[in-house]
**Student:** 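Take a look at the following structure, please.
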Number of protein chains: 2
Amino acid sequence: MEKLSRKQEKALALIAKRTREQGYPPTLAELTEELGAASKNTAVKYLRILSRKGYIVWERNKARGIQLTADAGGGEVGLPLIGAVAAGAPLLAEQNIERYVTVPSCLLQASAPHFLLRVAGQSMLQAGILPDDLVVVRAQPHAAVGEVVVALIDGEATVKRLAQSADRLFLKAENPEFADIHPQGEWSIQGKVVALIREAVV
Amino acid sequence: MEKLSRKQEKALALIAKRTREQGYPPTLAELTEELGAASKNTAVKYLRILSRKGYIVWERNKARGIQLTADAGGGEVGLPLIGAVAAGAPLLAEQNIERYVTVPSCLLQASAPHFLLRVAGQSMLQAGILPDDLVVVRAQPHAAVGEVVVALIDGEATVKRLAQSADRLFLKAENPEFADIHPQGEWSIQGKVVALIREAVV
DNA sequence: ACTGAGGGTGAAAGGAATTTCACCCTTTTT
DNA sequence: AAAAAGGGTGAAATTCCTTTCACCCTCAGT
């Protein structure tokens, strides 16, 4: 992404701050004032530049029509939380979505699709992943060996580490009490765990 | 908080959805359309009710001046991330604030003050708290025995479990390789760890 | 010496968005 | 039976926001 000048960065930070604190972006007049400028056109020019460089989406002819892009930092995105997985349906089918949770975009990777999954069981204990943790998953059909992935086996979603033996992939738990999983039938990788949110620390 | 009727709930959900997806709240005209109403005054009346019941903050005479309150669900709050702790200064002093991170408000407890701290070291490994994790801390000067707390010892902030021996409190690591800490001089509890965010899962 | 890009001012015009008014209906509470 | 509260329509008035135009300066690159 194209770099920003000092003043442009300041303008972006101001927009992000207002959006965060107030719940909605500033108007041109408000931005002009916060920039310390005298003309609204100054703010317009900054928005034009930030929009061209991809830091914001600017909808013209709309009051406060400034949207921070995910890459703008300090942004946030609503991600679907996958609840009970309905047999047969794809993981991201609407029927599987329990609710939306707002997540800081700094946890995500670029603009790839992500979702959330609640961890069941203690199989990833040694990796610091506890039951009921929310894992942030980047949706992708492949992953590298050694990465923590979400796999769909017999219609059930599970979080494990991807491993390899001789010629085939298998799934490894991070807990000596759990055996490795060498899937027999159909299975698939749904994504890669990129972050984690724990709602209740005890 | 006062209950909402079915239609009021629907209106609130629409506002929350637009705010999440678009980054800013709807205008009266937009809300009117999404409600399926014909008159903008219908939307005005809903906003009046939602505002009175405390689900939104409505700034009059402002375009899109609708702010979801934290209790409205799906909300998010910008919390200060404490960086290097300057000796002597209180933990939440401005000089210690590295940046602000947006956190879903469902992680927080009511409207108490919270902050974020980056975990250093492996001393809480067995509790599923890894180095570089961000812990969400509810600022409070006391905590119950057995809770995970942030303590300030000799000007350094540390995350440990609060324990008690005979008559005095001490701090316990969740890792057999780390010894318990029986603080000698001045020390204080800065808050209680209520949630956790891991930015990079390896 | 010229050009382009960043940064800036000021004001007028047109479109967007908010308010307020009067009036309607139904359901629940007093 | 009357009052209060939720839900609703339509339109005018007013304020708020955005856009655009003309013109200014400085600095880096050609």
Side-chain angles (χ1 to χ4, degrees), chain A residues 1-69 72, chain B residues 1-69 72:
Chain A
M1 175 138 21
E2 213 178 329
K3 286 229 170 146
L4 296 178
S5 75
R6 219 137 321 170
K7 295 220 169 185
Q8 289 161 8
E9 234 172 38
K10 187 185 155 200
L12 181 62
L14 282 175
I15 297 169
K17 191 182 161 214
R18 288 281 301 224
T19 306
R20 187 183 57 229
E21 287 178 358
Q22 198 175 213
Y24 45 83
T27 63
L28 288 179
E30 289 165 355
L31 189 57
T32 302
E33 197 196 329
E34 289 192 271
L35 282 168
S39 172
K40 284 171 216 160
N41 195 29
T42 303
V44 169
K45 290 190 181 176
Y46 277 110
L47 290 182
R48 240 197 284 276
I49 293 173
L50 291 175
S51 172
R52 172 164 53 75
K53 295 194 179 175
Y55 289 83
I56 61 169
V57 176
W58 188 22
E59 282 185 280
R60 307 303 298 261
N61 275 314
K62 274 193 164 188
R64 304 179 194 275
I66 306 170
Q67 226 175 124
L68 292 164
T69 57
Chain B
M1 176 142 16
E2 213 178 330
K3 285 228 171 149
L4 297 178
S5 75
R6 218 136 322 172
K7 294 218 168 187
Q8 289 162 7
E9 235 172 37
K10 187 186 156 201
L12 181 61
L14 282 175
I15 296 169
K17 190 182 163 215
R18 289 281 302 225
T19 305
R20 188 183 55 230
E21 289 177 356
Q22 201 175 210
Y24 45 84
T27 64
L28 288 179
E30 289 165 356
L31 189 57
T32 302
E33 197 196 329
E34 289 192 90
L35 281 167
S39 172
K40 283 171 216 162
N41 194 30
T42 303
V44 170
K45 291 191 180 176
Y46 277 109
L47 290 183
R48 239 197 284 275
I49 294 172
L50 290 176
S51 173
R52 173 164 51 73
K53 295 191 178 176
Y55 289 83
I56 61 170
V57 176
W58 187 22
E59 281 184 279
R60 307 303 297 262
N61 275 315
K62 275 195 163 187
R64 305 181 195 273
I66 306 169
Q67 222 176 128
L68 292 165
T69 57

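Numbered from 1 within each chain, the chains take letters A, B, ... in sequence-line order. As a basis for the values below, the full set of heavy atoms in this structure was taken, side chains included, without hydrogen atoms, waters or symmetry mates.
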**Student:** Which one, D:dT19, D:dC17, C:dG7, comes nearest to the side chain of A:Val44?
**Tutor:** D:dT19
**Student:** Expressed as a whole number of angstroms, how long is the span from A:Arg6:CZ to C:dG8:P?
**Tutor:** 14 Å
**Student:** Between C:dG10 and A:Ser39, counting only base atoms on the nucleotide and side-chain atoms on the residue, is there a donor-acceptor pair under 3.5 Å?
**Tutor:** yes
**Student:** Atom CG of B:Leu31 to atom C1' of D:dG8: distance rounded to whole Å?
**Tutor:** 14 Å
**Student:** Using the closest heavy atom to pick a nucleotide of DNA chain C for each, name whichever of B:Arg64 or A:Gly36 lands nearer the 5' end.
**Tutor:** A:Gly36
**Student:** Within the 4.5 Å heavy-atom criterion, are A:Tyr55 and A:Gln8 side-chain neighbours or not?
**Tutor:** no
**Student:** Using atom NZ of A:Lys40 as one end and atom C1' of C:dG15 as the other, report the distance to the nearest whole Å.
**Tutor:** 13 Å
**Student:** Output the distance between atom NZ (A:Lys7) and atom OG1 (A:Thr42), rounded to the nearest 0.5 Å.
**Tutor:** 9.5 Å
**Student:** Which atom names give the shortest non-hydrogen contact between A:Thr32 and A:Ala38, and what distance separates them?
**Tutor:** CG2-C, 4.0 Å
**Student:** Using whole Å, what does the distance between atom P of nucleotide D:dG7 and atom CG of B:Leu4 come to?
**Tutor:** 10 Å
**Student:** Among the candidates D:dT19, C:dG6, C:dG7, find the nucleotide nearest to the side-chain atoms of A:Ser5.
**Tutor:** C:dG7
**Student:** Starting at atom NZ of B:Lys45, determine the distance to atom C1' of D:dA4, rounded to an integer number of angstrom.
**Tutor:** 13 Å
**Student:** Closest heavy-atom contact between A:Tyr24 and B:Arg64?
**Tutor:** CD2-O, 3.4 Å
**Student:** Roughly how many Å apart are D:dT19 and C:dT18, using the P atom of each and rounding to a whole number?
**Tutor:** 16 Å
**Student:** Of the nucleotides C:dA17, D:dC17, D:dG10, which has the atom closest to the B:Lys62 side chain?
**Tutor:** D:dC17
**Student:** With no angle test and no hydrogens, is the base of D:dT15 tied to the side chain of B:Asn61 by a donor-acceptor pair under 3.5 Å?
**Tutor:** no
**Student:** Determine the minimum heavy-atom distance between B:Pro26 and B:Ile66, stating which atoms define it.
**Tutor:** O-CD1, 3.8 Å
**Student:** In whole Å, what is the span from the CG atom of B:Leu28 to the C1' atom of D:dT9?
**Tutor:** 15 Å
**Student:** Under 4.0 Å: is that the gap between some side-chain N or O of B:Tyr46 and OP1 or OP2 of D:dG8?
**Tutor:** yes
**Student:** Could you give the angle between the helix axes at the two ends of the helix from C:dA1-D:dT30 to C:dA13-D:dT18, with five pairs per end, rounded to 10 degrees?
**Tutor:** 10°
**Student:** Are B:Leu50 and B:Ile15 side-chain neighbours, meaning at least one heavy-atom pair lies under 4.5 Å?
**Tutor:** yes
**Student:** What is the minimum heavy-atom distance between A:Gln67 and B:Gln22, and which atoms define it?
**Tutor:** CG-O, 2.6 Å
**Student:** Using a distance-only criterion (donor-acceptor N/O pair, under 3.5 Å, no hydrogens), is the base of C:dG7 paired with the side chain of A:Thr42?
**Tutor:** no
**Student:** To the nearest 0.5 Å, what is the distance between CZ (A:Arg48) and CZ (A:Arg52)?
**Tutor:** 10.0 Å
**Student:** If you pin B:Ile49 and A:Trp58 to their nearest nucleotides in DNA chain D, which one's is more 5'?
**Tutor:** B:Ile49
**Student:** So, does A:Arg60 get its side chain near the phosphate of D:dT19, meaning an N or O under 4.0 Å from OP1 or OP2?
**Tutor:** yes
**Student:** Using whole Å, report how far CG of A:Leu35 lies from C1' of C:dG7.
**Tutor:** 11 Å
**Student:** If you measure from CG on A:Leu4 to OH on A:Tyr46, what distance do you get to the nearest 0.5 Å?
**Tutor:** 11.0 Å
**Student:** Check this for me, if you would: do A:Glu34 and A:Lys17 make a salt bridge, where the nitrogen-to-carboxylate-oxygen distance has to be below 4.0 angstrom?
**Tutor:** no
**Student:** So which nucleotide from C:dT9, C:dT19, C:dA17 ends up closest to the side chain of A:Asn41?
**Tutor:** C:dT9
**Student:** Please list each protein N or O that sits under 3.5 Å from an N or O in nucleotides 26-30 of chain D, with the distance.
**Tutor:**
none

**Student:** When the distance from NZ of B:Lys7 to P of D:dG8 is rounded to whole Å, what number comes out?
**Tutor:** 4 Å
**Student:** So, OP1 or OP2 of D:dA5: does either fall under 4.0 Å of a side-chain N or O from B:Arg48?
**Tutor:** no
